[in-house]
There are 2 protein chains.
Amino acid sequence: MKAPPRISEAEWKVMRVLWEEHPRTASQVAQALGPQAAWTDRTVKTLLARLVKKGVLSTESDGKRYLYEPAVSREACVAAEGRSFVARVFDGSASPLLLHFVKRSRLTRGEIEELRRILEEKEPRG
Amino acid sequence: MKAPPRISEAEWKVMRVLWEEHPRTASQVAQALGPQAAWTDRTVKTLLARLVKKGVLSTESDGKRYLYEPAVSREACVAAEGRSFVARVFDGSASPLLLHFVKRSRLTRGEIEELRRILEEKEPRG
DNA sequence: TAGTCTTGATTACAGCCGTAGTCAATGGCC
DNA sequence: GGCCATTGACTACGGCTGTAATCAAGACTA
């Protein structure tokens, strides 16, 4: 698992289905994406090829076709994308981001409880 | 203040200095960006022009030059970018995002307290 | 065996992005 | 009044993105 390169919006959709279950063939991916992304299978193929080229997916030959599989963990990509997002929008500081999202998200009671519990256990900085 | 269009990474840097203080001329913006963004003033001009074209900045003539000023609030842009980010990475659900960032950010005692307080007051969904 | 379906490879193409360069007008300095 | 610095307008250009189309080769089918 190597460091994640930049993954575009459309590519994220593809990666999400592959993180969820892998390996999958191109057409299985297209099918899994299904109605949500109104793409032809041509388009899905293109995205898969780009992701392979970027090193985010790896392939294994299965007869004449490929089985696609993540080569970078979801966690690593989420973390990288998160850092970039926080840097861009919140100038690198996570706390305003948390305030922003805590304030404006609708959370279930369970989610609120869990967040509070994690915060409670959290080691303060400095 | 209209709905925010897509703002690129470099454009965010420009917008941040203008949200912080406005109006500013192009060269003031370039100066405020200063060493952080190693751009020529040509580049800053281009970015300003693009932002004006997108409607994120408005201009006012001041003699032969422009004074640039945000036409969209920072809050609106942050919210839009946040929605897009959550959709892309967390499949639209804010709670995993919060868990992710709460777990991996280093927060001061005060920040932790504030988050807990906000969570406490928060109305659960459903 | 000839046609058809599937699948990867290659190519397309417009629009956005990062990063400028060039040009022309304008205002200030000498 | 003429030259220089500043500034906006326009142009550039390669790379990434979204969204495919075309091509070619193997696999399946009648």
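Within every chain, numbering begins at 1; the chains are lettered A, B, ... in the order of the sequence lines, protein sequences first and strands thereafter.
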Response to the item:
Separation of dG18(C) atom P from R88(A) atom CZ, nearest Å, is 10 Å
Response to the item:
From NZ of K53(B) across to P of dC17(C) the rounded distance in Å is 11 Å
Item to complete: Give T40(B) one of three labels, base, sugar-phosphate or nothing, depending on what nucleic acid heavy atoms sit under 4.0 Å from its own.
Response: sugar-phosphate
Worksheet item: In whole angstroms, how far is the C1' atom of dA9(C) from the CZ atom of R65(A)?
Response: 18 Å
Worksheet item: Relative to the 5' end of DNA chain D, which residue comes earlier, E11(A) or T46(A), by the nucleotide with the nearest heavy atom?
Response: E11(A)
Practice prompt. Return the value, rounded to whole Å, for the distance between atom OH of Y68(B) and atom P of dT7(D).
Written response: 10 Å
Worksheet item: Which residues within residues 13-21 of chain B lie with some heavy atom under 4.0 Å of an atom in DNA chain D?
Response: none
Worksheet item: Contact class for A30(A) vs. all strands (heavy atom < 4.0 Å): base, sugar-phosphate, or nothing?
Response: nothing
Worksheet item: Within the side chain of R16(B), is there an N or O that forms a donor-acceptor pair under 3.5 Å with the backbone of F90(A)?
Response: no
Fill in: Salt bridge present between R117(B) and E113(B) (N-O < 4.0 angstrom)
no
Discussion item. Expressed as a whole number of angstroms, how long is the span from K64(B):NZ to dA24(C):P?
Written reply: 15 Å
Item to complete: Look at the side-chain N and O atoms of Y66(A) and state whether any lies under 4.0 Å from the OP1 or OP2 oxygen of dA9(C).
Response: yes
Worksheet item: Should L67(A) and V72(A) be regarded as members of a common hydrophobic cluster, given that ILVMFWY residues are connected when their side-chain heavy atoms come within less than 4.5 Å of each other, either directly or indirectly?
Response: no
Worksheet item: Reckon S27(A) has a side-chain N or O less than 4.0 Å from the OP1 or OP2 of dT6(C)?
Response: no
Fill in: Phosphate OP1/OP2 of dT17(D): any K54(A) side-chain N/O under 4.0 Å
yes
Discussion item. Give me the atom names and distance for the closest heavy-atom approach of F101(A) to G82(B).
Written reply: CZ-CA, 3.7 Å
Worksheet item: Any salt bridge between R88(B) and E81(A), counting N to O under 4.0 Å?
Response: yes
Discussion item. Let me spell it out: for each of R50(B) and R42(B), pick the nucleotide of DNA chain D with the closest heavy atom. Which residue's pick is nearer the 5' end?
Written reply: R42(B)
Discussion item. Given dT7(D), dC17(C), dG8(C), identify the nucleotide with an atom nearest to the side chain of K45(B).
Written reply: dT7(D)
Worksheet entry | From dT19(D), dT7(C), dG8(D), nucleotide with atom closest to L47(A) side chain | dT19(D)
Worksheet, complete the sentence: Paired with R106(A), the side-chain contact (heavy atoms from CB on, under 4.5 Å) test is passed by just one of E123(B), K122(B), R125(B), namely R125(B)
Practice prompt. Is it possible for you to say whether W12(A) and V86(A) belong to one hydrophobic cluster, with membership spreading through side-chain heavy-atom contacts below 4.5 Å?
Written response: yes
Item to complete: Please report, rounded to the nearest Å, how far the P atom of dG18(C) is from the CH2 atom of W39(B).
Response: 7 Å
Worksheet item: Counting only side-chain N and O atoms of S8(A), is one of them less than 4.0 Å from OP1 or OP2 of dG18(D)?
Response: yes
Discussion item. Reading DNA chain C from 5' onward, which residue's closest nucleotide shows up sooner: A10(B) or L67(A)?
Written reply: L67(A)
Worksheet item: What is the distance from CD1 of I7(A) to P of dT17(D), rounded to the nearest Å?
Response: 10 Å
Worksheet item: Sub-3.5 Å donor-acceptor pair from the side chain of R24(B) to the main-chain atoms of V17(B), do we have one?
Response: yes
Response to the item:
Rounded to whole Å, the CG-C1' distance (D41(B) to dA9(D)) equals 15 Å
